[in-house]
Structure formats: C-alpha cells, structure tokens
Asks: 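The structure follows.
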Amino acid sequence: MITHLQENFSRAIQELKQAGVIPNELPTEVKFDRPRQKSHGDMATNVALGLAKAAKRNPRDLAQLIIAALPPSDRVEKLEIAGPGFINVFLKPASQFEILKTIREQAQYYGNSDTGQGETVLIEFVSANPTGPLHVGHGRGAAYGDALARVMRRAGYSVQTEYYVNDAGRQMDILAVSVWLRYLELCGEKFEFPDNCYKGDYIWDIAATVHREQGDRYRHPAKDVLQEASSPDPEQSLDMLTGTLRSRLGTDGFERFLRTALNTLVDDIKSDLSEFRVEFDRWFSEQSLYDGKTVEQTIDKLRSADHIYKKDGALWFRASAFGDEKDRVVVRENGVPTYFASDIAYHHDKFTRGFHKLIDVWGADHHGYIVRVKGTLEALDHSPENFIVALVQFATLYRGGEKVSMSTRSGEFVTLRELRQEVGTDAARFFYAQRKSDQHLDFDLDLAKSRSNDNPVYYVQYAHARVSSVFRQAKERNIDTSGLDSANLDLLVEESEKELARVLSDFPETVAAAARKLEPHHIVYYLREVANRLHTYYNAHNVLGAVKDLRSARLCLLDATRQVVANGLDVLGVSAPEKM
RNA sequence: GCGCCUGUAGCUCAGUUGGAUAGAGUGUUGGCCUCCGAAGCCAAAGGUCACAGGUUCAAAUCCUGUCAGGCGCGCCA
C-alpha cells in the first residue's frame with residue numbers, strides 16, 4: 001500500500017519537475033507516515049513542506065499542484081491538504097483489508113522483505129570467555145544478538161551468526177591451574193586456594209571429572225608446588241604456577257586439565273544457549289587463529305605497511321594515527337600476544353571471508369575498544385564503516401523491590417541458567433528484548449515470573465492463545481473454516497476492524513525498520529499494539545456468533561492477526577502458545 | 001581531567017531519524033462477563049520532554065553551553 005502511494009507521488013513530482021515547478025536536483029522520494037489522529041487520514045506526507053522552499057512556492061499551493069499531478073488510483077478515497085501543507089490520504093475501505101489475504105498467503109513469511117537486498121552480514125555475539133557459566137549480562141547479549149539476527153534475516157539480509165571462543169591465552173592457563181589446584185585438594189592436599197584463581201563450584205566438578213578418570217596420577221605435594229611459585233605479586237605467582245603445572249605434568253598433563261575444562265565449559269554454554277533458543281552458525285576458535293598462523297600473518301601485514309613498530313621490547317599498533325588516544329600493544333615484551341592481536345586477526349579474517357558487514361555485540365564497558373579495532377581494519381584496507389559495534393548495557397536484577405547484588409569477582413553472580421529456571425525462557429527473552437540494547441535494563445524478577453495480568457509477556461501471548469481458542473471453538477461447533485480465502489471482506493465495516501487490519505499491514509515496515517536500525521525492541525512495542533487492537537476488537541464484537549458471511553470475514557481477520565503475532569514473537573525467540 | 005552514553009507522567013520506558021493536540025505499561029480512581037478465554041476491555045487523572053540559548057514554516061528529536069547520573073581511559077579480557 002505504501003509503495004503504491006510512494007510510486008504515485010514520485011510520478012507526480014517527476015511531472016512537476018518536467019514542468020519546471022520543482023528544481024530537478026531535489027529528491028523524488030516521498031515519505032509517508034501514519035497520522036496519530038483519524039481526522040488526518042490513513043496516510044500522510046509532508047513532501048510539499050519539504051520542497052516548498054526550493055520551489056519558491058508556499059507549501060499549501062505546492063501540495064495542490066502535487067495532487068493535481070497525481071495519477072488516478074482506485075485505492076484512494078480522497079485527498080486533503082491540511083495544516084501548513086500536509087497531504088492527508090484517505091483510503092477506500094476495501095483496499096484496507098487486502099492485506100488480510102496477503103498475510104494468510106505468506107503465512108510465516110509475512111513481514112519479510114528485501115530491504116537488506118541480500119547483503120552478507122556476520123553477527124558475532126555473546127562470545128563470553130569459556131571460564132565459567134553465562135550470567136544474566138551475557139543473557140541480554142544473547143537475546144539481543146539472536147533477535148537481531150532473526151529480524152535482519154526477515155528483512156532480507158544474508159545473516160550468519162558466530163560465537164568467538166576465547167580458548168587461547170592467559171585466561172585459559174589460569175583456568176587449567178584452577179582446576180589442577182582443586183584436583184589436588186580432591187587428592188587430599190591441604191592449602192589455601194589462591195584468590196585470583198577461578199573459585200566457582202563448577203571448577204570442583206571439572207576437577208572431580210579428572211580425578212575420577214585419572215586418580216592421583218597428577219598429584220604433587222601442594223606445599224612444594226606453591227613454594228615454587230611464590231612471588232610477592234599474586235599475578236606473577238599465578239603465571240609461575242602455570243609454569244609449574246607445565247613442567248611437572250608435561251604438555252599432555254597440562255592439556256588434559258585445559259581440554260577437560262574447556263570442553264566442559266563450552267558444552268555447558270552451548271546447551272545453555274540452546275535452551276535459551278539461541279543457536280549459532282559457527283563457533284570460532286581463537287586458538288585456530290594462532291594454529292593457522294593468521295595472527296602472525298596479519299601482524300606482518302600491518303608491519304609491512306608501517307602500522308606497527310617496536311618500542312620497549314613490545315610491538316605497538318599505531319592506533320593514534322586512526323583517532324585513538326594512544327598506540328596499543330599487540331605483542332608484549334615477553335613475546336606473548338595480547339588479546340588485541342588475535343582480535344585484529346579475527347576481524348581481518350571475517351572480512352576476508354567475504355562478509356560485507358560485520359556486527360559485533362559487546363558489553364558497553366568495552367566501548368573504549370571500538371576505535372582501536374576500527375583503526376586496524378582501516379589499516380588493513382577494509383572499510384571501517386562496515387564494522388559496527390552494538391553495545392549492550394548490563395541488566396540489573398530486582399527481587400522484591402531490592403537490587404540483587406552481583407559481583408563477578410567473588411563468583412556471586414546470577415547465571416543465565418538460574419534466570420531461565422526462575423522466570424522461564426519466554427519471559428526472560430521478552431524482558432530482555434523490551435529495552436533498547438544500549439540502555440540500562442531493570443529486570444524485575446517478580447514481574448517476569450508472575451503468572452498474572454501484570455506480566456507483559458502474557459499480554460501478547462494471550463492474544464495468540466485467544467485467537468487459537470476461537471478456532472478450536474469453531475471446530476467444536478462444526479463451523480467450516482476452510483473457505484476463508486474467499487470471505488467477503490467488504491463486510492468488515494467496524495472501526496476497530498479497520499484499525500486492527502491497519503496495524504497488521506505495518507508489520508513488514510516495522511521489521512524492516514528494526515533491522516535497519518539494529519533495534520529489535522521495536523517488535524515488542526509493535527506486538528503490544530497488535531495485541532491491544534485485537535483485545536479491543538474482540539471485546540466489542542462477537543465473531544462466532546455472527547451470521548455466516550460476516551463470521552467468515554471476521555475469522556479471516558483473526559487468523560491474520562494470529563499469524564502476525566506468531567511471526568513477531570518468533571523474531572523475539574518467544575513461543576506463541578495455543579493455550580495458556 | 002579527557003572520551004562515549006543517558007536525562008520524557010509518581011515508577012519502568014517508547015517516540016517511525018525534524019511534523020499536526022508528546023504515547024504505552026504500571027500505580028491511583030471509576031465502570032464492563034447470562035455471550036467465542038476478564039491473563040481482557042473502556043474512561044478519568046497524571047508533563048516546563050533536566051535547564052538556558054541557537055538553527056526554521058515546524059524541535060523531545062539537530063547545534064552550543066550548564067547541571068545531574070552511568071561507563072570507559074592497562075604490555076587485563
């Protein structure tokens with residue numbers, strides 16, 4: 001409908017250009033929006049206001065000329081010039097319900113469009129270090145990233161999703177050491193567990209696995225071990241502990257602890273996300289960038305282009321040449337690459353795989369890192385504007401009106417799994433999706449798990465269940481619902497029917513806009529409106545009790561509504577129940 | 001100190017990238033089931049869009065400044 005109007009208005013403007021009324025260099029695109037007030041018609045445009053100055057005419061006169069130049073349309077009832085020069089369009093009733101047939105034809109594909117024109121996009125999200133279970137902060141990133149992928153796919157982008165597994169570097173060493181120390185405790189060694197090791201209970205579980213399979217094979221006197229690695233600097237002593245682990249157990253022993261921990265944790269994260277209805281196309285290993293020499297080659301490439309230099313024994317990237325505050329270390333004095341090094345290689349690799357656009361979903365606390373990475377991409381001759389970072393703020397949980405305190409360091413955080421178990425996947429995903437991702441989110445646990453009318457998740461799901469129920473009722477009453485395609489939609493004359501159909505016709509546009517802006521939260525607000533229109537209508541008018549032809553038309557409307565609600569919930573990864 | 005983000009109804013937040021009388025949920029008040037699902041609907045009340053300037057036919061939206069809050073400024077990730 002909108003495109004129909006846009007085409008007609010563009011033609012009118014073309015014509016006025018040829019007539020010399022409007023200068024040629026001005027755009028011919030016409031934007032329509034939905035007026036808040038019914039008296040302003042079904043659609044409205046401000047083109048005349050925008051072009052008036054350049055055309056040296058007053059807006060209302062120009063609007064008049066545009067209307068006069070408009071090709072005839074059988075869908076338009078009348079046109080009005082209003083206010084300072086808006087053109088309000090009133091549509092013929094019949095054309096407003098055409099959409100119902102389209103929806104029922106396209107079914108689960110209704111809302112899809114070719115806005116993205118097949119552009120290849122790689123969305124990387126969550127990517128939490130495999131050093132422990134996911135917490136509620138990661139949950140938000142997961143909900144956002146997945147909804148973004150879904151909405152962009154519907155909008156015609158060619159999307160792939162990826163989880164970057166940080167399975168290399170010092171964090172992994174610390175993980176292996178942590179498991180080994182817990183293992184020693186299981187063997188009966190007594191000592192004080194270091195503060196800077198991972199202390200979560202899951203470390204015990206992993207240690208127990210090794211102990212069960214290998215017995216005391218890797219046992220060494222704790223006293224000797226800790227003495228070997230004693231240093232006034234706890235961080236340094238941790239690194240020394242890594243050295244001890246390697247030298248005493250050999251590469252095989254070290255690998256056993258590391259692999260067991262890594263596999264256990266990655267598997268745990270995978271199943272956690274899967275139960276959260278988040279699936280990735282690929283799990284990308286950081287270590288593979290080292291094994292395949294990608295890190296080395298990428299750094300060499302930067303070095304040969306003089307973007308990297310040596311200072312104080314370390315290798316530095318000239319980030320300041322790309323707008324960063326200072327240059328950044330890529331390889332440490334001790335020869336160990338920083339996280340930044342593999343990140344450069346990773347993003348370079350993403351572009352060389354052929355993706356046109358990269359979207360990274362990061363925690364908002366990493367925003368200082370963006371300029372740096374963008375800089376390396378520019379240095380590697382990629383377009384930095386095709387690298388987009390979507391920042392996700394952390395969520396604060398509330399229970400009983402009180403903030404739930406969380407601290408990653410002490411291991412006292414609420415895990416995503418706990419959240420799912422407490423409120424359920426539907427509520428969790430819906431609540432996460434409700435807010436713009438770069439805004440703080442107050443997550444009210446009591447509200448999310450309440451099975452009451454306060455809960456916004458149920459409000460939308462209820463609309464779906466309610467319509468489903470009508471069709472169940474129809475079946476019980478032996479009402480034939482197979483011929484709805486030929487229903488006479490002219491019988492739909494109620495204002496609330498018109499409004500419901502109109503909202504339904506907005507869905508593709510809403511999806512496209514959400515995808516363009518990387519803001520899936522618009523779907524939540526849209527669904528609330530659809531649900532509200534449905535409930536309002538349903539409350540005021542009887543469907544199954546109406547006479548046959550009217551009943552068919554109304555069932556057609558309800559079925560289309562159900563479809564749109566289901567499609568919208570699908571974008572958010574929330575189920576559309578037939579019964580509640 | 002510098003950089004990024006935010007300030008909209010009592011509370012939690014939307015606001016289609018500059019449009020017409022700023023919206024929703026929740027809370028408060030009052031109505032609506034003899035009838036397809038009341039987990040619903042309707043109505044009322046609630047606002048100096050932080051503040052002050054500027055840009056123009058038009059500003060919650062854009063530019064400048066002030067105030068307030070959050071985050072970041074490692075050879076951590």
Side-chain angles (χ1 to χ4, degrees), chain A residues 31-37 39-40 44-46 49-50 52-53 58-59 82-86 88 127-129 131 166 169-171 235 311-316 324-326 328-334 336-340 343 363-371 391 393-394 398 434-436 438-442 444 447 450-459 461-463 465-474 476-477 479 506 509-510 513-514 516-517 519 521-522 524-526 528-529 531-532 534-546 551 554-555 558 579-580:
Chain A
K31 216 179 86 185
F32 282 90
D33 53 19
R34 208 132 252 176
R36 262 195 298 277
Q37 287 180 71
S39 62
H40 292 154
T45 179
N46 61 350
L49 287 160
K53 188 168 243 183
N58 92 49
F86 292 101
N88 295 335
S127 298
N129 285 345
T131 54
N166 296 114
R170 186 162 178 266
Q171 297 299 321
E235 291 305 310
K311 193 183 93 182
D312 304 332
L315 284 186
W316 298 72
D324 203 354
E325 297 162 10
K326 49 179 283 196
R328 309 287 178 175
V329 171
V330 176
V331 180
R332 298 185 185 88
E333 196 179 354
N334 62 10
V336 179
T338 59
Y339 176 88
F340 186 38
D343 237 15
D365 53 334
H366 285 63
H367 72 76
Y369 198 68
I370 300 174
V371 182
L391 295 177
Q393 288 281 1
F394 289 118
Y398 286 83
Q434 266 185 118
R435 299 275 170 270
K436 227 152 102 178
D438 60 351
Q439 302 283 2
H440 284 282
L441 168 63
D442 287 334
D444 186 335
L447 182 59
S450 74
R451 308 182 63 81
S452 75
N453 50 0
D454 299 338
N455 196 326
V457 190
Y458 294 123
Y459 183 73
Q461 289 185 319
Y462 183 63
R466 212 177 190 186
V467 176
S468 301
S469 167
V470 173
F471 279 86
R472 274 197 303 275
Q473 283 282 328
E476 278 172 30
R477 299 186 194 181
I479 292 170
D506 281 341
E509 201 190 338
T510 304
R516 251 194 327 268
K517 296 155 70 175
E519 293 178 347
H521 74 276
H522 290 294
V524 173
Y525 290 88
Y526 172 77
R528 276 227 283 250
E529 188 173 356
N532 176 251
L534 182 270
H535 291 315
T536 301
Y537 170 57
Y538 188 83
N539 239 275
H541 303 284
N542 197 300
V543 176
L544 293 181
R551 183 180 68 203
R554 288 182 169 174
L555 282 171
L558 287 194
K579 286 181 184 172
M580 294 170 66

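Reminder, nothing fancy here: chain letters follow the sequence lines and each chain counts from 1.
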Asks: Identify whether the distance between the nearest side-chain nitrogen and carboxylate oxygen of A:K311 and A:E333 falls below 4.0 Å.
Replies: no
Asks: Distances for protein N/O vs nucleotides 34-37 of chain B N/O pairs under 3.5 angstrom?
Replies:
residue	atom	partner	partner atom	Å
B:C36	N1	A:Y538	OH	3.2
B:C36	O2	A:N542	OD1	3.4
B:C36	O2	A:V543	N	3.4
B:C36	O2	A:L544	N	2.7
B:C36	N3	A:V543	N	2.8
B:C36	N4	A:Y538	O	2.9
B:C36	N4	A:H541	O	2.4
B:G37	OP1	A:S469	OG	2.8
B:G37	O2'	A:Y462	OH	2.6
B:G37	O2'	A:R466	NE	2.7
B:G37	N7	A:S469	OG	2.8
B:G37	O6	A:M580	N	3.4

Asks: Report yes or no: does A:N334 contribute a side-chain atom to a donor-acceptor pair with the main-chain N or O of A:V336 at less than 3.5 Å?
Replies: yes
Asks: Assign a letter to each nucleotide of nucleotides 6-13 of chain B from its 5' end: B, base within under 4.0 Å of a protein heavy atom; S, sugar-phosphate only; -, no contact.
Replies: S-----SS
Asks: What is the distance from CG of A:N455 to C1' of B:A24, rounded to the nearest Å?
Replies: 16 Å
Asks: What distance, rounded to whole Å, do you find between the two P atoms, one in B:G23 and one in B:A60?
Replies: 12 Å
Asks: With A:Q171, which residues qualify under side chain to side chain donor-acceptor pair (under 3.5 Å), at least two apart?
Replies: A:Y198
Asks: Using only atom types and a distance under 3.5 Å, with no angle test, would you say the side chain of A:T45 pairs donor to acceptor with the backbone of A:F32?
Replies: no
Asks: If I pick the P atom on B:C5 and the same atom on B:G65, what distance separates them, to the nearest angstrom?
Replies: 14 Å
Asks: Do A:R528 and A:Y525 form a cation-pi contact, if we require the NZ or CZ to be under 6.0 Å from the six-membered ring centre and within 45 degrees of the ring's axis?
Replies: yes
Asks: Could you pull out the closest heavy-atom pair between A:P59 and A:G85, with the gap in Å?
Replies: CB-CA, 4.2 Å
Asks: Check the interface with nucleotides 60-63 of chain B: list each N/O to N/O pair with the protein under 3.5 Å, or write none.
Replies:
none

Asks: A:N532 CG to B:A39 P: how many Å, rounded?
Replies: 16 Å
Asks: Set out, line by line, the N/O atom pairs under 3.5 Å between protein and nucleotides 73-77 of chain B.
Replies:
residue	atom	partner	partner atom	Å
B:C73	O2'	A:E325	OE1	3.0
B:C75	OP2	A:K326	NZ	3.4
B:C75	O3'	A:R332	NE	3.2
B:C75	O2	A:E333	N	3.0
B:C75	N4	A:D312	O	3.3
B:C76	OP2	A:R332	NE	2.3
B:C76	OP2	A:R332	NH2	3.0
B:C76	O3'	A:R332	NH2	3.4
B:A77	OP1	A:R332	NH2	2.6
B:A77	OP2	A:Y339	N	3.2
B:A77	O2'	A:N129	ND2	2.8
B:A77	N3	A:H366	NE2	3.1

Asks: Is there any protein nitrogen or oxygen under 3.5 Å from a nitrogen or oxygen in nucleotides 16-19 of chain B, and what are the pairs?
Replies:
residue	atom	partner	partner atom	Å
B:U17	OP1	A:K31	NZ	3.2
B:U17	OP2	A:K31	NZ	3.4
B:G19	N7	A:N46	ND2	2.5

Asks: I'd like to know whether the aromatic ring centres of A:H522 and A:Y526 sit less than 6.0 Å apart in this structure.
Replies: no
Asks: Is A:H40 stacked on the base of B:A20, meaning ring centres closer than 5.5 Å and planes within 30 degrees of each other?
Replies: yes
Asks: Applying salt bridge (Lys or Arg N to Asp or Glu O under 4.0 Å), name anything that partners A:R332, two or more places apart in sequence or on another chain.
Replies: none
Asks: Got a second to check how far A:L558's CG is from A:R466's CZ, nearest 0.5 Å?
Replies: 10.0 Å
Asks: What stems, by residue range, does RNA chain B take part in, given at least 3 consecutive Watson-Crick or G-U pairs under 3.5 Å?
Replies: B:1-7 with B:67-73, B:10-13 with B:23-26, B:28-32 with B:40-44, B:50-54 with B:62-66
Asks: Could you give the distance from CG (A:D33) to CZ (A:F86), rounded to the nearest 0.5 Å?
Replies: 8.0 Å
Asks: Does A:T131 offer a backbone N or O that forms a donor-acceptor pair with the side chain of A:N129 under 3.5 Å?
Replies: no
Asks: Can you name the residues that form a salt bridge (Lys or Arg N to Asp or Glu O under 4.0 Å) with A:D324, not counting sequence neighbours?
Replies: A:R328, A:R372
Asks: Rounded to whole Å, how long is the line connecting atom NE2 of A:H535 with atom P of B:A38?
Replies: 10 Å
Asks: If I take atom OH from residue A:Y462 and atom OG from residue A:S469, how far apart are they, to the nearest 0.5 angstrom?
Replies: 8.5 Å
Asks: With rounding to whole Å, what would you report as the distance between B:C13 and B:G19 at their C1' atoms?
Replies: 23 Å
Asks: Distance between the P atoms of B:A22 and B:A38, in whole angstroms?
Replies: 34 Å
Asks: What's the gap between B:G47 and B:A9 when it is taken at their C1' atoms, as a whole Å value?
Replies: 6 Å
Asks: For A:H440, give me all partners under side-chain contact (heavy atoms from CB on, under 4.5 Å), at least two apart in sequence or on another chain.
Replies: A:Q393
Asks: Classify the glycosidic conformation of B:U66 as syn or anti, calling it syn when the angle lies within 90° of 0.
Replies: anti
Asks: Measuring from atom CH2 of A:W316 to atom NZ of A:K326, what distance do you get when rounded to the nearest 0.5 angstrom?
Replies: 5.5 Å
Asks: Which residues satisfy the ring-ring contact (aromatic ring centres under 6.0 Å, His included) test with A:F471, sequence neighbours excluded?
Replies: none
Asks: Is B:C33 syn or is it anti, if syn means the base angle is within 90 degrees of 0?
Replies: syn
Asks: Figure out the CG/P separation between A:L447 and B:A39, and round it to whole Å.
Replies: 17 Å
Asks: What contact category does A:D324 fall into here, base, sugar-phosphate, or nothing, at under 4.0 angstrom with non-hydrogen atoms?
Replies: nothing
Asks: Expressed in whole Å, how much space separates the C1' atoms belonging to B:C62 and B:C76?
Replies: 39 Å
Asks: Short question: side chain of A:D444, backbone of A:L447 - any donor-acceptor pair under 3.5 Å?
Replies: yes
Asks: Distance check, P atoms only: B:G53 and B:A59, in whole angstrom units.
Replies: 14 Å
Asks: For the residue pair A:Y369 and A:F340, does the interplanar ring angle fall in the parallel (under 30°), tilted (30 to 60°) or perpendicular (over 60°) class?
Replies: perpendicular
Asks: Of all residues at least two apart in sequence or in a different chain, which pass the salt bridge (Lys or Arg N to Asp or Glu O under 4.0 Å) check with A:E325?
Replies: none
Asks: Give A:A44 one of three labels, base, sugar-phosphate or nothing, depending on what nucleic acid heavy atoms sit under 4.0 Å from its own.
Replies: base
Asks: Identify whether any heavy atom of A:H367 sits under 4.0 Å from a base atom; if not, whether one sits that close to sugar-phosphate; answer base, sugar-phosphate or nothing.
Replies: base
Asks: What's the shortest heavy-atom distance between A:R477 and A:L544, and which atoms?
Replies: NH1-CB, 3.6 Å
Asks: Tell me the interatomic distance from A:R528, atom CZ, to B:C41, atom C1', rounded to whole angstroms.
Replies: 17 Å
Asks: Can you tell me how far P in B:U26 sits from the matching atom in B:C71, rounded to whole Å?
Replies: 31 Å
